[in-house]
Amino acid sequence: MKKDPVKRFEKILFRIFILLGVIAIAGIILIIKYGKDSTPRVEVREEAEEEYDWTAGLSDSTIWLPDHCDLYDKISDIFFYDADGEEHRISEFEGKPTVVIFWASWCKDCHDQMPYMNEYQAAAEKYGDINFVFINKTDGERETQASAENYIREKQLTGHFFYDIDLKAYNTLGLHNIPTTFFLDEKGIIKAWTPKQISEAGAFDALLQNAMKGSGTVTAGFITERMMDEEGGIHSLYDQNPDQMKQSDVLSESQGAMLEYALLTQDRVLFDQILSYISKVMLNKGLTAWTVSDAGASEVSALIDDLRIYSSLTGAQALWGGYEDAIADYQNRLWKYGIKNDRYVDFYDAENKAHANRFTLCYGDLRTMKELAAADGSFIGAYEKAEEIVLNGQISSAFPLYYSWYNYKKEQYEEDELNAAEAMVTLLHLAETDQLPMNSIQWLKSRMQSDGVKARYDIGGKVVKDYNYDSTAVYALIVMIANELDDDELRGLALKKMEKMHIVDSSLPYNGGFGLEDGTEMTSFDQIMPALAYAYSEQKGK
């Protein structure tokens, strides 16, 4: 039997009444929570400016970094005034490392940092004689010299105190909020910075370490102390439990890249330790295994890693000498396992005694291939063919990245999705040989000036679903590209993006690494690439 339509209508009205009641109660709760302003508020920084996208800043703290200076740049010679109105410049403090703190007495976030500054200054003495320069944002409205001086007396703060009365220093550097803290070396080069309050001693100490030792050195220390085993193998996945960490594979990619870092920093002990692991553990049936797992060394090589190892060996020979036999061995391996029918191939499979029938464009290390061709004319043909494939592999003018790989069987580029890290390696190899086209450079800059380069793209240039996230290694590679191009703007933009997942807290065992704040999602590639990016940037600075 059908229900009475009147009763059914009454039930509907009753449900609507209940729903309206719930909404009314929720509204009352919001009013109580947020006060007279019924619009839910977003917690933003004290220094929010109307034209600045602080909503984006909630998910990306690098948006708070200064606009007009970058890591590894010399800080502009900003000026400010002492309590007596005398003008001073930041260049007066060169000759010693200097910590520069922009602050104001009304700033809540500054209250989280300033009371600890005497403690931080005392702790910094272990690093030597360091200047501490406090620059007050004295706008004459929210902050006056008198209000700042009262705060300094109240908190019994020590250090050099100055006043940015006309905000020239603040605006010259392109600051967006306070506190912002710079860590300068003795030449006034910005070696570390943070756009947020430092309320933990471990965070301050870590930033100071980055400035005094170099961020690359700190990150490399994390790699060698926390991810490398006793034999010199760098494991692919960090774990705070060393035994668990050692269960992850060792990749020839990591070993070759760390050889490059050791060479770049002229650390022969580390170089020989990494090389020893390659020679004693990774060599299998005459080739360098691309991975070593609990089951042992694989029987498959990787061309890109063999080329990197060869290049590092020739660099070590030029720097230290004594690597002639290793160079000869790798030259033979590259000829035997890296080339088929006078063309470079991705890998050799020893178990099946077969060369690959493909060439991945990011494997085209043209600089090293050219070096090989100069050392042995037998390599000339393979080098020229590889160069032709890479140079002709740009997808389109609208999306000026390069195809992922070339199929030798079909004699064509395959239209697979692009792994962004591999795509950046291809661009780096082109930049190293002065063959990176302007449209690719412009694409990089446009992406860096917006929301960055994402993890994976389809052949039309659209971000692949579920891959709309950032990769530390991608930005590290862009830093290296920028260094090859001598493009300070691109390098600065990439360094800011690279810092997003940088762990900066010396109380943590994974300080200096890159990953999530709890120490997870930390792969060897995402550590070694930033270490290289820092090291190359240090060299450019010199």
Side-chain angles (χ1 to χ4, degrees), residues 41-49 52-71 73 75 98-121 123-124 132-137 142-143 151 155 157 159 164 167 169-171 173-184 190-211 215 218 452 470 472 475 492-493 495-508 510-518 530:
R41 294 174 294 174
V42 177
E43 189 73 24
V44 297
R45 308 288 286 184
E46 294 275 2
E47 281 297 287
E49 298 177 14
Y52 212 66
D53 186 0
W54 291 105
T55 303
L58 293 173
S59 61
D60 180 4
S61 62
T62 63
I63 199 169
W64 298 324
L65 287 167
D67 282 340
H68 304 151
C69 53
D70 290 304
L71 287 174
D73 283 351
I75 195 168
T98 300
V99 181
V100 182
I101 305 98
F102 281 84
W103 71 287
S105 65
W106 53 261
C107 166
K108 180 181 179 297
D109 289 339
C110 298
H111 295 170
D112 294 336
Q113 174 171 334
M114 294 297 286
Y116 296 104
M117 290 311 304
N118 288 350
E119 174 188 330
Y120 295 164
Q121 290 182 70
F132 281 78
V133 176
F134 298 86
I135 302 177
N136 181 263
K137 188 184 179 187
R142 301 183 75 180
E143 182 80 302
Y151 183 87
K155 299 298 181 183
L157 300 177
D164 187 16
L167 305 190
Y170 188 90
N171 293 326
L173 298 176
L175 271 62
H176 294 294
N177 67 283
I178 48 178
T180 291
T181 307
F182 294 89
F183 295 78
L184 312 179
I190 302 170
K191 301 298 286 292
W193 58 6
T194 179
K196 59 184 180 180
Q197 67 268 39
I198 310 171
S199 55
E200 298 290 339
F204 184 86
D205 182 65
L207 286 161
L208 199 53
Q209 279 187 36
N210 289 341
S215 294
V218 176
D470 293 338
T472 296
Y475 293 126
L493 291 168
L495 280 168
K496 286 178 179 176
K497 296 284 189 183
M498 190 182 85
E499 288 287 304
K500 288 174 69 171
M501 297 183 74
H502 194 185
I503 307 298
V504 185
D505 187 340
S506 61
S507 69
L508 299 174
Y510 43 92
N511 174 55
F514 288 78
L516 299 182
E517 291 183 359
D518 62 358

(request) For Met114 and Ile101, run side-chain contact (heavy atoms from CB on, under 4.5 Å): C-alpha distance rounded to whole Å, both residues' side-chain angles, the deciding distance at 0.1 Å, then the answer. (result) CA-CA 9 Å; Met114 294 297 286; Ile101 305 98; 4.3 Å; yes

(message) With side-chain contact (heavy atoms from CB on, under 4.5 Å) as the criterion, how do Phe204 and Met117 come out once you've worked through the C-alpha distance, each side chain's angles and the decisive distance to 0.1 Å?
(response) CA-CA 10 Å; Phe204 184 86; Met117 290 311 304; 4.2 Å; yes

(message) For Thr472 and Met498: C-alpha separation, side-chain torsions, deciding distance, then whether side-chain contact (heavy atoms from CB on, under 4.5 Å) applies.
(response) CA-CA 5 Å; Thr472 296; Met498 190 182 85; 4.1 Å; yes

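Applying the salt bridge (charged side-chain N to carboxylate O under 4.0 Å, His left out) rule to Asp518 yields no partners; only residues at least two apart in sequence or on another chain are considered. By the ring-ring contact (aromatic ring centres under 6.0 Å, His included) test, Phe134 is found to be paired with Phe161, residues two or more places apart in sequence or in another chain being considered. Legend: residues meeting side-chain hydrogen bond (donor to acceptor under 3.5 Å, both in side chains) with His111, ordered by chain and number and at least two apart, are absent. Ile135 meets the side-chain contact (heavy atoms from CB on, under 4.5 Å) test with Ile78, Phe80, Val100, Phe102, Val133, Asp164; sequence neighbours excluded. Applying the side-chain hydrogen bond (donor to acceptor under 3.5 Å, both in side chains) rule to Ser199 yields no partners; only residues at least two apart in sequence or on another chain are considered. With sequence neighbours excluded, the residues that form a side-chain contact (heavy atoms from CB on, under 4.5 Å) with Asp205 are Lys126, Tyr127, Gln209, Ser506. Under the rule for a ring-ring contact (aromatic ring centres under 6.0 Å, His included), Tyr475 has no partner lying at least two apart in sequence or in another chain. Here Phe182 pairs with nothing under the ring-ring contact (aromatic ring centres under 6.0 Å, His included) rule; sequence neighbours left out. Applying the side-chain contact (heavy atoms from CB on, under 4.5 Å) rule to Glu119 yields the partners Tyr116, Ala201; only residues at least two apart in sequence or on another chain are considered. Under the rule for a side-chain hydrogen bond (donor to acceptor under 3.5 Å, both in side chains), Thr194 has no partner lying at least two apart in sequence or in another chain. Remark: Asn136 pairs with Thr138, Glu143 by the side-chain hydrogen bond (donor to acceptor under 3.5 Å, both in side chains) rule, at least two apart or across chains.
Side-chain contact check for Leu157 versus Tyr151: some heavy-atom pair is nearer than 4.5 Å.
Considering all non-hydrogen atoms of both residues, Phe514 and Pro530 come closest at CE1-CB, 3.5 Å. Nearest heavy atoms, Ala203 versus Asp505: N-OD1, 3.8 Å.
In the displayed structure, Glu200 atom CD is contacted under 6.0 Å by at most 12 heavy atoms of other residues, nucleotides or ligands.
Classification of Asp470 and Lys497 as a salt-bridged pair fails, no side-chain N sitting under 4.0 Å from a carboxylate O. Salt bridge status for Asp70 with Lys496: present, with a side-chain N to carboxylate O gap under 4.0 Å.
Expressed to the nearest 0.5 Å, how far CG of Asp67 lies from CG of Leu173 amounts to 10.5 Å. Note that CG of Asn177 and NZ of Lys137 are 9.0 Å apart. Values are rounded to the nearest 0.5 Å. The distance from atom CG of Leu207 to atom OH of Tyr120, rounded to the nearest 0.5 Å, is 10.0 Å. In this structure, the separation between CH2 on Trp193 and OG1 on Thr180 is 9.5 Å, given to the nearest 0.5 Å. Rounding to the nearest 0.5 Å gives a distance of 5.0 Å between CD1 of Ile75 and CD1 of Ile190. Note that CD1 of Ile503 is 7.0 Å distant from CE of Met501, once rounded to the nearest 0.5 Å.
No donor-acceptor distance shorter than 3.5 angstrom exists from the side chain of Gln197 to the backbone of Gln113, with no hydrogens or angles considered. No side-chain donor-acceptor contact under 3.5 Å links Asn210 to the backbone of Val218.
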